[in-house]
Amino acid sequence: MKRLTIGITAHVDSGKTTLSKALLYHAGEIRRLGRVDHRDAFLDTHEIERQRGITIFSHQAQLHFPDAEFTLLDTPGHIDFSAETERTMQVLDYAILVISGTDGVQSHTEMLW
């Protein structure tokens, strides 16, 4: 069985957590999506994250498929927490860089790249 670690990264408020939740939902790992702005996002578990509406700590989740298993890591997007994102990058097999369609490439996006 193939096992990979995949990280989702981007600048703040670009949709990383929403994309992570959607992947988990469509893979059948969670039953409801939740929303960051409703403070019930599956991956933002720390109280301070729910209060601020942003990811501060990297969070992991598992995606199971018949021939593969993926560890999904949702990383912080705010520049103040970029050290957490950089630490997470060291363990990834693949990274997905999300770019907001409305905001476009930001300076922090270029740093992540």
Side-chain angles (χ1 to χ4, degrees):
M1 177 184 293
K2 184 182 280 191
R3 290 185 173 94
L4 296 171
T5 303
I6 300 171
I8 302 204
T9 187
H11 65 87
V12 70
D13 293 335
S14 61
K16 294 176 304 303
T17 301
T18 301
L19 175 60
S20 297
K21 291 182 311 178
L23 291 169
L24 291 166
Y25 180 77
H26 288 291
E29 301 294 340
I30 59 175
R31 293 183 183 205
R32 63 184 205 85
L33 287 170
R35 291 178 48 156
V36 173
D37 57 339
H38 290 174
R39 297 186 170 110
D40 62 355
F42 177 75
L43 291 170
D44 287 344
T45 56
H46 198 280
E47 183 59 32
I48 195 168
E49 292 175 312
R50 291 178 185 250
Q51 288 173 355
R52 294 182 69 180
I54 61 172
T55 301
I56 296 172
F57 308 103
S58 294
H59 296 282
Q60 74 176 32
Q62 297 297 124
L63 295 165
H64 299 92
F65 296 96
D67 58 344
E69 183 177 291
F70 300 99
T71 300
L72 180 68
L73 297 169
D74 181 31
T75 65
H78 195 282
I79 191 83
D80 290 348
F81 309 110
S82 61
E84 177 76 7
T85 301
E86 290 173 23
R87 281 191 292 273
T88 302
M89 294 280 197
Q90 297 175 30
V91 301
L92 301 180
D93 294 308
Y94 295 98
I96 298 170
L97 179 62
V98 177
I99 299 173
S100 169
T102 54
D103 297 334
V105 175
Q106 304 291 303
S107 60
H108 188 60
T109 309
E110 293 179 12
M111 185 183 86
L112 291 168
W113 177 256

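Every heavy atom of this structure was used, including side-chain atoms; hydrogens, water molecules and symmetry mates were not. All figures in this text were calculated on a predicted structure; none of them were measured in a lab.
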*If you measure from CD1 on I30 to CG on L24, what distance do you get to the nearest 0.5 Å?*
5.0 Å
_According to a hydrophobic-cluster definition based on side-chain heavy atoms being under 4.5 Å apart (Ile, Leu, Val, Met, Phe, Trp, Tyr only), do V12 and I99 belong together?_
no
*How are the rings of F81 and H78 set relative to one another: parallel (under 30°), tilted (30 to 60°) or perpendicular (over 60°)?*
tilted
*State, with a plain yes or no, whether a side-chain heavy atom of L92 is found less than 4.5 Å away from one of T9.*
no
*Taking atom OG1 of T109 and atom NE2 of H11, what is their separation to the nearest 0.5 Å?*
4.0 Å
*Less than 4.5 Å apart, any side-chain heavy atom of M1 and any of D67?*
no
*Residues two or more places apart in sequence or in another chain: which of them pass salt bridge (charged side-chain N to carboxylate O under 4.0 Å, His left out) with E86?*
none
_Are W113 and M111 linked, directly or through intermediate hydrophobic residues, by side-chain heavy-atom contacts shorter than 4.5 Å (ILVMFWY only)?_
no
_Non-hydrogen atoms of A10 and V98 that approach each other most closely_ = CB-O, 2.8 Å
_Minimum heavy-atom distance D103-D13, with the two atoms named_ = OD2-O, 4.5 Å
*Check: E29 side chain, H64 main-chain N or O, donor-acceptor pair, under 3.5 Å*: yes
_Please give me the minimum heavy-atom distance between I56 and E84, naming the atom from each residue._
O-CG, 3.9 Å
_As a quick check of understanding, evaluate side chain to side chain contact (heavy atoms under 4.5 Å, CB included) for L72 and Q62, giving each step before the final call._
CA-CA 6 Å; L72 180 68; Q62 297 297 124; over 6 Å; no
*Starting from the C-alpha separation in whole Å, work towards a yes-or-no answer on side chain to side chain contact (heavy atoms under 4.5 Å, CB included) for L73 and V91.*
CA-CA 10 Å; L73 297 169; V91 301; 3.9 Å; yes
*Considering all heavy atoms of both residues, which atom of L97 and which atom of L112 are nearest to each other, and what is their separation?*
CD1-CB, 4.2 Å
_Quick check: is F65 connected to L19 through a chain of hydrophobic side chains (ILVMFWY, heavy atoms under 4.5 Å apart)?_
yes
*Any donor and acceptor pair, going by atom type alone, linking the side chain of T75 with main-chain N or O of I8 inside 3.5 Å?*
yes
*To the nearest 0.5 Å, tell me how far Q60 CD sits from T5 OG1.*
8.5 Å
*List for me each residue that meets side-chain hydrogen bond (donor to acceptor under 3.5 Å, both in side chains) alongside T88, sequence neighbours excluded, and say none if there are none.*
S58
*Which atoms form the tightest heavy-atom contact between I79 and H108, and what is the distance?*
CD1-ND1, 3.0 Å
*asked:* Side chains of D93 and I6, heavy atoms from C-beta outward: is any pair under 4.5 Å?
replied: no
_Any side-chain to backbone donor/acceptor pair from T85 onto P76? Under 3.5 Å, distance only._
yes
